[in-house]
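For reference, the structure discussed in these notes is given below.
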Amino acid sequence: MYKNILFGINTEMKNEKVLEQIAKLIGEGSEVTLYNVVSEKDLKASVRTGVHLDELKEKRQESMKHIFDYFNEQNIKYNLQFVQGNPKSELVNKANTGDFDIVVLSNRKAEDEDKLVLGSVSHKVAKRAAIPVLIVK
């Protein structure tokens, strides 16, 4: 299967099917990199409310606890990375580093609105990534 999986994760992920799909993609020695991008908009909003970047990361980790629990139950090796910037650009750049075999995304637009339309992040990553992209509805 895939050795290095890039999982572009939004902290509000409600789509549990994406976790099941990741479990199907891994094999012995696989590792999933959970990649969360803190947008400038989110960072500015948090600073205005008195929450600094470290606190914002802690809050995001708390909201991802169910994902960590699932990966631990399934014995999936993972690591978490936070970066600041534009989610679309940062995910494409990370995917194209040559360090990953596949990108996995949850289609938030379809998840929220029960539509088949791709969200802007999913669309851009699918269009510009040099590796396979799995978008889970």
Side-chain angles (χ1 to χ4, degrees):
M1 298 311 283
Y2 295 98
K3 186 161 176 67
N4 296 304
I5 299 169
L6 178 62
F7 179 22
I9 183 165
N10 182 306
T11 55
E12 298 171 3
M13 191 198 82
K14 301 170 195 160
N15 186 355
E16 298 298 321
K17 290 186 284 186
V18 72
L19 301 177
E20 295 167 8
Q21 292 303 313
I22 289 172
K24 292 177 183 178
L25 296 174
I26 64 162
E28 190 172 325
S30 294
E31 183 171 7
V32 178
T33 297
L34 292 101
Y35 198 66
N36 184 262
V37 181
V38 180
S39 71
E40 293 300 319
K41 177 183 165 188
D42 289 347
L43 190 57
K44 286 178 185 176
S46 68
V47 169
R48 270 187 254 133
T49 60
V51 176
H52 297 285
L53 183 59
D54 291 338
E55 291 174 84
L56 183 63
K57 288 179 183 179
E58 284 179 30
K59 286 183 179 186
R60 288 183 176 209
Q61 283 182 316
E62 287 172 22
S63 68
M64 291 185 234
K65 186 181 178 318
H66 69 287
I67 297 163
F68 305 146
D69 291 344
Y70 180 84
F71 283 173
N72 289 330
E73 288 169 9
Q74 300 296 317
N75 295 315
I76 298 172
K77 185 178 175 185
Y78 66 92
N79 68 72
L80 174 63
Q81 294 180 13
F82 287 104
V83 294
Q84 291 175 244
N86 178 298
K88 298 171 198 171
S89 301
E90 292 297 330
L91 275 164
V92 169
N93 291 340
K94 189 71 168 177
N96 291 337
T97 62
D99 297 336
F100 299 96
D101 305 313
I102 189 168
V103 180
V104 179
L105 302 169
S106 175
N107 187 10
R108 201 170 122 206
K109 286 282 189 198
E111 175 185 305
D112 290 344
E113 300 171 15
D114 263 355
K115 293 183 180 177
L116 297 174
V117 179
L118 291 180
S120 61
V121 174
S122 300
H123 183 263
K124 183 169 184 175
V125 174
K127 190 173 179 180
R128 301 218 170 114
I131 58 176
V133 177
L134 173 63
I135 301 169
V136 182
K137 179 180 185 294

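We use all heavy atoms of the structure for the numbers below, so side chains are in, but hydrogens, waters and symmetry mates are not. Just so we're clear, the structure is a prediction, and the values are computed from it rather than from any experiment.
Cluster annotation: L25 and F68 are assigned to the same hydrophobic cluster (Ile/Leu/Val/Met/Phe/Trp/Tyr, side-chain heavy-atom contacts under 4.5 Å, transitive).
Here the CG-NZ distance, from L80 to K57, works out to 9.0 Å after rounding to the nearest 0.5 Å. In this structure, the separation between CD on E58 and CD on E55 is 7.0 Å, given to the nearest 0.5 Å. If you take CD on Q61 and CG on L56, they are separated by 10.5 Å, rounding to the nearest 0.5 Å. Rounding to the nearest 0.5 Å places CG of N79 at 7.5 Å from CG of L34. Taking NZ of K24 as the reference point, atom CE of M1 lies at 10.0 Å (rounded to 0.5 Å). Rounded to the nearest 0.5 Å, atoms CG (L91) and CD1 (I9) are 11.0 Å apart.
Under the ring-ring contact (aromatic ring centres under 6.0 Å, His included) criterion, F71 pairs with Y78, not counting sequence neighbours. Applying the side chain to side chain donor-acceptor pair (under 3.5 Å) criterion to E20, with sequence neighbours excluded, gives no partner residue. Shown here are the side chain to side chain donor-acceptor pair (under 3.5 Å) partners of N96, two or more places apart in sequence or in another chain: there are none. Partners of K65 by salt bridge (charged side-chain N to carboxylate O under 4.0 Å, His left out), not counting sequence neighbours, listed by chain and number: D69. Checked against side chain to side chain donor-acceptor pair (under 3.5 Å), S30 has no partners two or more places apart in sequence or in another chain. Applying the side chain to side chain contact (heavy atoms under 4.5 Å, CB included) criterion to D101, with sequence neighbours excluded, gives Y2, K3, N4.
Using a 4.5 Å cut-off on side-chain heavy atoms (C-beta onward), V104 and Q21 make no contact. Here the side chains of F7 and V18 are in contact, with some heavy-atom distance below 4.5 Å. The shortest distance between side-chain heavy atoms of Y70 and I22 does not fall below 4.5 Å.
The main-chain N or O of G29 is never found under 3.5 Å from a side-chain atom of K77 such that the two would form a donor-acceptor pair. No donor-acceptor pair closer than 3.5 Å links the side chain of N36 to the backbone N or O of R60.
In this structure, V103 and A95 approach most closely via the heavy-atom pair CG2-CB, 3.5 Å.
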Please tabulate, for side-chain N and O atoms in residues 81-89, each donor-acceptor pair with protein atoms closer than 3.5 Å (sequence neighbours left out).
{"residue": "Q81", "atom": "OE1", "partner": "K94", "partner atom": "NZ", "Å": "3.1"}
{"residue": "N86", "atom": "OD1", "partner": "K88", "partner atom": "N", "Å": "2.8"}
{"residue": "N86", "atom": "OD1", "partner": "S89", "partner atom": "N", "Å": "3.2"}

